[in-house]
Amino acid sequence: QVQLVESGGGLVQAGGSLRLSCTPSGRTFSNYPMGWFRQAPGKEREFVAAINWNAGSADYGDSVKGRFTISRDNAKNTVYLQMNSLKPEDTAVYYCAADNRYSTVVAGTCHYWGQGTQVTVSS
């Protein structure tokens, strides 16, 4: 069952910024760790970022550290991915994911996944 919906993707020039949002469909994820993953054509799915339920900790993939920021607003039941200094290699479909264990989210074996939103960065 699809219970997460991503939005905010689009076409942006290199060096630009985008802000992705992930919202639930039919339930709350306020107490769940959540994360972002991406997959480019011909490549394996890549871990981007994860955040714990209380936003007390977060992790980032090496390729996005210092450029991307994950955050959440539990009152709105929404998680965000702020992407700055975008590069053409950031082009991918970005997926939101959630589960009840932080380690599971980081590992990419989440129970809940969104359908993805396309991010294209032109040079």
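As the structure is a prediction and not an experimental result, all values here were calculated from the model. Atoms considered below: every heavy atom in the structure, side chains included; atoms not considered: hydrogens, waters and symmetry mates.
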Would you check if the side chain of [X] reaches a backbone N or O of [Y] as a donor-acceptor pair within less than 3.5 Å?
| X | Y | result |
| --- | --- | --- |
| Arg38 | Val119 | no |
| Glu6 | Cys96 | yes |
| Thr91 | Val121 | yes |
| Asn52 | Asn54 | no |

Which pair of non-hydrogen atoms, one from [X] and one from [Y], has the smallest distance, and what is that distance?
| X | Y | result |
| --- | --- | --- |
| Val105 | Met34 | CG1-C, 3.6 Å |
| Val5 | Ser25 | CG2-CB, 4.3 Å |
| Ala97 | Cys110 | CB-SG, 3.5 Å |
| Ser17 | Ser85 | OG-N, 4.3 Å |
| Val48 | Leu81 | CG1-CD2, 4.0 Å |
| Ala92 | Ala40 | CB-N, 3.8 Å |

Can you tell me how far the [atom1] atom of [X] sits from the [atom2] atom of [Y], to the nearest 0.5 Å?
| X | Y | atom1 | atom2 | answer |
| --- | --- | --- | --- | --- |
| Asp99 | His111 | CG | NE2 | 7.5 Å |
| Gln115 | Leu4 | CD | CG | 10.0 Å |
| Tyr94 | Met83 | OH | CE | 5.5 Å |

What pairs of residues pass the ring pair (Phe, Tyr, Trp, His ring centres under 6.0 Å) test when at least one of them lies in residues 33-70, not counting sequence neighbours?
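Every pair satisfying ring pair (Phe, Tyr, Trp, His ring centres under 6.0 Å) with a residue in residues 33-70: Phe37-Phe47, Phe37-Trp113.
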
Pick one: which of Val79, Thr78, Asn77 meets side chain to side chain contact (heavy atoms under 4.5 Å, CB included) with Arg72?
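Of Val79, Thr78, Asn77, side chain to side chain contact (heavy atoms under 4.5 Å, CB included) with Arg72 is met by Val79 alone.
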
4.5 Å side-chain heavy-atom contact, Gln3 and Pro24:
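Not in contact.
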
Side-chain heavy atoms of Arg67 within contact of Asp90, under 4.5 Å:
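Yes. Closest side-chain heavy atoms under 4.5 Å.
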
With clusters defined by side-chain heavy atoms of hydrophobic residues (ILVMFWY) lying less than 4.5 Å apart, directly or transitively, does Tyr80 cluster with Tyr112?
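No.
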
Are Val64 and Leu86 connected, step by step, through hydrophobic side chains (Ile, Leu, Val, Met, Phe, Trp, Tyr) whose heavy atoms are closer than 4.5 Å?
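Looking at the clustering, Leu86 is in the same group as Val64.
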
Does Tyr102 form a side-chain hydrogen bond (donor to acceptor under 3.5 Å, both in side chains) with Asp59? I'd like the steps, not just the answer.
CA-CA 10 Å; Tyr102 189 72; Asp59 289 285; 2.4 Å; yes

Qualifying residues under side-chain contact (heavy atoms from CB on, under 4.5 Å), relative to Ala107, sequence neighbours excluded
Thr109

Sorted by first residue and then second, give each salt bridge (charged side-chain N to carboxylate O under 4.0 Å, His left out) pair with at least one member in residues 100-122; sequence neighbours left out.
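Residue pairs passing salt bridge (charged side-chain N to carboxylate O under 4.0 Å, His left out), neighbours aside: none found.
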
